[in-house]
Amino acid sequence: MNVLFEKSVKYLKGVGPNRAKILSRIGINSIGELLTYYPREYDDRRTYARISNLKNGQTATISGKVELTDIVKINPYLWVFKAAISDSTGIIYATFYRKPSFRYDAFATLKKDFQPTRNIIINGKVEYFGNTKQLRTDEYEVITNPNVVTIHTNRIVPIYDLTEGLSSKFLRSIMFNAVKEYANQFSEFIPKKYREQYGLIDASSAVANIHFPADYAILEKSETKLVFDEFLLFETAVQISKLHRTEKEKEHTYKLLKHYLTPFKNKLVFEFTQAQKKVINEIFANLQSKLPMNRLLIGDVGSGKTVVALSALLLALENNFQAVFMAPTEILAEQHYSTIKQYLEGLNIKFELLTSSTPSLKKKTILKQVEEGKIDLLIGTHALIESKVKFKNLVFAVIDEQHKFGVYQRKKLIEKGNVDVLIMTATPIPRSLALTLYGDMDISVINEMPPGRKPVKTIFTDEIKAYEFIKNEVKKGHQAYIVFPLVEESDKVELKSAVTQAKHLAQEVFAEFKVGLLHGQMPGKEKEQIMSDFKQKKYDILTTTTVIEVGIDIPNATVIAIEHAERFGLATLHQLRGRVGRSKDLESYCILIGNLKTEDSKKRIDIMLSTNDGFKIAEFDLELRGPGEFFGTSQHGLSELKIGNIVRDIDTIANTKKVAEEVILSDPKLNTQENVLLKHELLQRFAGKFKLFQIG
Ligand code: ADP
Ligand code: MG
């Protein structure tokens with residue numbers, strides 16, 4: 001057990017109740033938490049600059065002697081303490097600006113520390129004032145004894161994130177003491193075998209050197225070790241959760257009959273890509289194995305996930321089982337329904353669409369037939385997982401666009417039975433990240449686009465040019481989307497403005513064309529009608545919101561204009577762009593219109609202009625926003641990473657995953673002597689989070 005996580009910081013010299021309270025605000029209650037409060041960055045203060053060489057504006061560390069001090073009153077509210085410091089080459093004035101107080105002497109500490117003839121090390125920024133040089137001092141350290149070890153100067157100095165009432169000097173000082181007294185008790189939980197295999201230094205020296213490194217080489221080794229530790233804990237937790245999932249063998253088995261699969265394949269007007277074939281094989285092998293499937297299918301927008309899912313569904317159906325296909329929106333469910341209809345025509349499969357706008361009478365019939373096993377395949381939205389829906393022999397569920405569903409909804413579906421689950425996502429999570437996040441799932445990646453796709457050309461321009469462009473495209477017989485930033489589909493004010501603007505476009509700008517309007521607040525039936533009208537070219541232009549973000553597949557639409565593009569996140573922009581470029585022959589365009597006020601919005605637009613690769617975009621997005629925000633909520637322990645970085649540490653993540661698998665395979669309960677420390681550490685650090693892992 002890592003006792004340091006149970007020992008209060010109050011045991012440290014200088015930490016009383018008040019300071020303990022302040023530390024608690026940044027999550028530091030125990031000495032263990034203090035020691036794992038890692039520096040944000042480091043400042044190299046190992047070499048002293050010579051005073052005569054100092055340049056204006058430079059940041060420098062100087063070692064010298066205090067000559068004399070003085071206080072200069074700039075105005076009633078701002079005084080400056082000045083200390084003349086000399087070295088063998090010259091003199092500089094260390095300056096400290098303070099607000100004076102009538103109640104106490106704001107300069108007492110400075111006066112005490114800067115006593116003439118004392119040796120002192122100061123660090124700060126050089127400022128020239130005519131012929132005199134000043135050093136606006138950040139930190140200083142009095143050297144009373146030449147052999148003393150400095151904390152704030154004369155070394156690679158750690159810089160920490162602070163909070164109000166917590167000075168860097170104080171935090172660094174208690175850290176220094178904590179390291180000195182307790183680092184050697186910092187527990188090692190990595191089995192020796194793996195420490196050797198991966199060349200990891202021991203935990204005690206890692207934690208000591210991450211705070212006060214002797215040089216950059218040892219700092220790097222410390223970082224490597226601590227990152228490894230952190231991810232190994234995480235990955236082991238994930239593996240344990242995976243073990244729970246695979247404890248129970250499933251009762252159903254699938255035979256590859258090809259009753260349905262062959263006719264389906266014959267109907268396809270294209271060949272599967274290599275990537276699709278590979279993924280279909282992975283899924284089929286998984287379905288035919290004894291353990292339930294829990295597989296994530298990652299594929300960029302338009303990579304052809306639907307037909308892959310359909311192949312898998314058909315395997316279940318030809319074995320006389322029931323299956324469901326769940327989509328996040330009604331429009332998408334409707335689209336899947338019509339795609340499936342087209343492929344299943346002539347096969348003896350009964351399938352139905354069930355959404356919240358299915359009329360209640362019809363719904364009743366459907367529910368009855370599902371329960372009796374008369375419906376084989378149910379397609380729909382989350383209406384599918386209401387508890388009213390009971391199946392006769394459900395074995396397989398496909399969940400499209402998983403990022404739109406909460407963990408809870410997925411869990412509810414899985415609980416309907418010992419169901420094989422295929423989750424699809426077009427948020428192209430970098431593989432490394434997928435491995436970490438969804439480590440208890442198996443992962444398939446479609447990393448190839450169907451042949452002949454023309455990359456979408458992305459342009460940033462103003463409204464007038466954009467509208468001209470759209471007119472030209474529409475005149476060629478193509479169709480266009482114009483998207484308004486209704487970020488929350490429930491926001492009434494924004495909705496009103498989107499609707500008004502759409503009207504303006506329809507009646508004035510594009511008066512000569514047929515313009516439709518689609519938004520999420522419309523009743524389901526109306527949405528379906530508009531989508532199918534658009535598909536049948538009854539409209540030239542569809543003004544809309546992010547309801548069309550996911551999945552919609554209309555090849556004749558060749559332009560998507562996104563208004564106020566700066567208001568959308570990268571993932572959404574990429575998804576929206578994916579609505580076009582779906583034709584083999586037609587060139588497609590994404591037009592971004594907006595006002596780039598912030599640095600962030602500039603970056604996002606730049607990325608959109610520079611690449612079409614969803615995986616790259618996801619990586620940028622992750623860098624811009626960080627993992628916590630990338631995933632909306634902090635549903636995984638990941639947002640609590642203290643030193644690991646899921647983008648930078650790809651290799652370590654892969655390595656720790658391997659180790660975790662090996663360890664759990666050979667010792668599932670972590671009871672052997674070499675693994676028991678790992679178990680204790682896990683229980684201590686992840687207590688309470690295990691439940692989440694099992695469904696995450
Ligand atoms: P997504 O992965 O975004 O869900 P879809 O499944 O909607 O993509 O597929 C996009 C389009 O590509 C569809 O019109 C589909 O019929 C077509 N498609 C899928 N696979 C292929 C392929 N191997 N060759 C050509 N077109 C394909
Ligand atoms: Mg799709």
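Indexing begins at 1, ligand by ligand and atom by atom, following the structure's order.
Once rounded to the nearest 0.5 Å, the distance linking NE2 of His519 with OG1 of Thr546 reads 12.0 Å.
With a 4.0 Å heavy-atom cut-off, ligand 1 is reached by no atom of Gln335.
Set against the non-hydrogen atoms of Arg453, the atoms of ligand 1 under 4.0 Å away are 10 (C), 11 (C), 12 (O), 17 (C). Ligand 1 places these atoms under 4.0 Å from at least one heavy atom of Gly304: 1 (P), 2 (O), 5 (P), 6 (O), 8 (O), 9 (O), 19 (C). Residue Ser303 has at least one heavy-atom neighbour below 4.0 Å for each of these atoms of ligand 1: 2 (O), 8 (O). Contact atoms of ligand 1 toward Pro450: 21 (C), 22 (C), 24 (N), 25 (C), 26 (N), 27 (C) (distance under 4.0 Å to a heavy atom of the residue). For ligand 1, the atoms lying closer than 4.0 Å to a non-hydrogen atom of Glu271 are 22 (C), 23 (N), 24 (N). Within the listing of ligand 1, atoms 23 (N) sit less than 4.0 angstrom from a heavy atom of Thr273. Short contacts between ligand 1 and Phe272, defined as distances under 4.0 Å to a heavy atom of the residue, involve ligand atoms 23 (N). Which parts of ligand 1 touch Arg582 is read off a 4.0 Å heavy-atom cut-off, strictly below it: atoms 3 (O), 7 (O), 10 (C).
Residue pairs meeting the ring pair (Phe, Tyr, Trp, His ring centres under 6.0 Å) criterion with at least one member in residues 318-357, sequence neighbours excluded: His252-Phe321, Tyr254-Phe321, Phe264-Tyr343, Phe325-His336, Tyr337-Phe351.
Residue-to-ligand polar distances place Gly302 within reach of ligand 1: an N/O pair is separated by less than 3.5 Å. Looking at ligand 1, you'll find an N or O of Thr306 within less than 3.5 Å of one of its N or O atoms.
For His336, the heavy-atom gap to ligand 1 stays at 4.0 angstrom or more. Not a single heavy atom of Gly299 lies less than 4.0 angstrom from ligand 1.
Considering all non-hydrogen atoms of both residues, Asp300 and Gly614 come closest at OD2-N, 2.9 Å. Contact record, Asn348 with Asp376: O-OD2, 4.2 Å, taken as the closest heavy-atom pair.
Taking the salt bridge (Lys or Arg N to Asp or Glu O under 4.0 Å) definition, one finds that Lys616 meets it with nothing, sequence neighbours left out.
The pair Glu345-Lys267 does not count as a salt bridge, with every side-chain nitrogen at least 4.0 angstrom from each carboxylate oxygen.
Of the listed options Gln276, Gln274, Lys305, Lys305 places a heavy atom closest to atom 2 (O) of ligand 1. If you check each of Ile554, Asp300, Leu332, Asp553 against atom 14 (O) of ligand 1, the one with the closest non-hydrogen atom is Asp553.
His478 and Glu473 are linked by a side-chain donor-acceptor pair at a separation below 3.5 angstrom, with hydrogens and angles left out of the test. Side-chain polar atoms of Gln529 and Asp533 form a donor-acceptor pair below 3.5 angstrom.
Note on ring orientation: taking the six-membered ring where Trp is involved, the planes of Phe270 and Phe272 are perpendicular (angle over 60°, cut-offs 30° and 60°).
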- Message: Could you walk me through whether Lys350 and Glu352 satisfy the salt bridge (charged side-chain N to carboxylate O under 4.0 Å, His left out) test, starting with their C-alpha distance in whole Å, then the side-chain angles of each, then the deciding distance to 0.1 Å, before giving a yes or no?
- Response: CA-CA 7 Å; Lys350 179 97 163 79; Glu352 278 292 351; 3.5 Å; yes
